[in-house]
Amino acid sequence: MTLLQWIARFAEFAGVVPAIVDAFTEKHPELRDAPPALPGEAELHAAALAAVAAKTDYRDPG
Amino acid sequence: MLSRLQIAVVILAVGLCGCSGRALDNAIRAANVAGAVADHAHAVLVDSTREAYSACVARETRAEALACVDVVRARHAPAWAFYRGVRLGWLQLASVIQAALAGDGTLSSGGAELLASLARSVRELEAALEHEQVSP
């Protein structure tokens, strides 16, 4: 068994995403899509602020 | 959270680029591995950040909720910054790879440095996720 086969076996055992195993075994690899940009930190923060603003049952005085 | 194994695989993939097979194919493999790890990191970050913000929204007062949102944003900011660094590194490497694919198939001289830089960025991202205890 080659080194790469051992790596693939351990990667599968550890539940590593199949794409990683595929990357080693593919004969003529094609470049995958870029990692996602959205949602990003700013979008999640804006959504949280909107959720706070929309909630009506807070107990703040006044 | 990214596992040590995933990081080791990325580092190994980067190392293989210089010692076997066609350099361009191996650079694509390394970029694909780093991209898969970045995908996983993004999913973990989105889930953990959303979960933390949801807990903030559930606070009793609006003031508490807003203060909590600020704390959560500050706590997750380093990991998000490292994720953006990994994504930028991937885009730069992909640009070099695509230029090679469009040309004579030879990676430019900056390709190896971009690979090494991307591997460093992935390690920094893992450390940030562990340090901030950002996990699903």
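Quick note on labels: first sequence line is chain A, next is B, and so on, each numbered from 1. Nothing here was measured: the structure is a model prediction, and the numbers come from that model. Both backbone and side-chain heavy atoms feed into the values below; hydrogens, waters and symmetry mates do not.
- Closest heavy-atom contact between V57(B) and A48(A): CG2-O, 4.1 Å.
- We find the CG-CG distance between D70(B) and L49(A) to be 7.5 Å, quoted to the nearest 0.5 Å.
- Here the CD atom belonging to E30(A) is positioned 11.0 Å from the CG atom belonging to D25(B), to the nearest 0.5 angstrom.
- Rounding to the nearest 0.5 Å places CD of E64(B) at 10.5 Å from CZ of R59(A).
- R73(B) is linked by a side-chain hydrogen bond (donor to acceptor under 3.5 Å, both in side chains) to H45(A), counting only residues two or more places apart in sequence or in another chain.
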### Message
What verdict does the side-chain contact (heavy atoms from CB on, under 4.5 Å) test give for E41(A) and T49(B), after you've listed the backbone C-alpha separation in whole Å, the side-chain angles of each residue and the deciding distance to 0.1 Å?
### Response
CA-CA 8 Å; E41(A) 181 186 24; T49(B) 305; over 6 Å; no
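- Contact of A81(B) with chain A is not made at all, since no heavy-atom distance falls under 4.5 Å.
- No side-chain donor-acceptor contact under 3.5 Å links N32(B) to the backbone of L31(A).
- For the disulfide (SG to SG under 2.5 Å) condition, no pair includes a residue of residues 30-61 of chain A, sequence neighbours left out.
- Minimum interatomic distance between V46(B) and L44(A) (heavy atoms only, all atoms of both residues): CA-CD1, 4.1 Å.
- The contact between A37(A) and chain B is made by backbone and side chain atoms together, counting heavy-atom distances below 4.5 Å.
- Ranking A43(B), A31(B), A77(B), S54(B) against chain A, the residue ahead of the rest is A77(B), based on heavy-atom pairs under 4.5 Å.
- Of all residues spanning residues 93-103 of chain B, those with a heavy atom less than 4.5 Å away from chain A's heavy atoms are A94(B), I97(B), Q98(B), arranged by number.
- Closest approach of A65(B) and Y58(A) over heavy atoms only: CB-OH, 3.5 Å.
- Between P36(A) and H42(B) the shortest heavy-atom distance is CG-ND1, 3.3 Å.
- At a heavy-atom separation below 4.5 angstrom, chain A is approached by Y83(B), R84(B), R87(B), W90(B), L91(B) within residues 83-91 of chain B.
- In this structure, R32(A) CZ and R29(B) CZ are separated by 15.5 Å, a value rounded to the nearest 0.5 Å.
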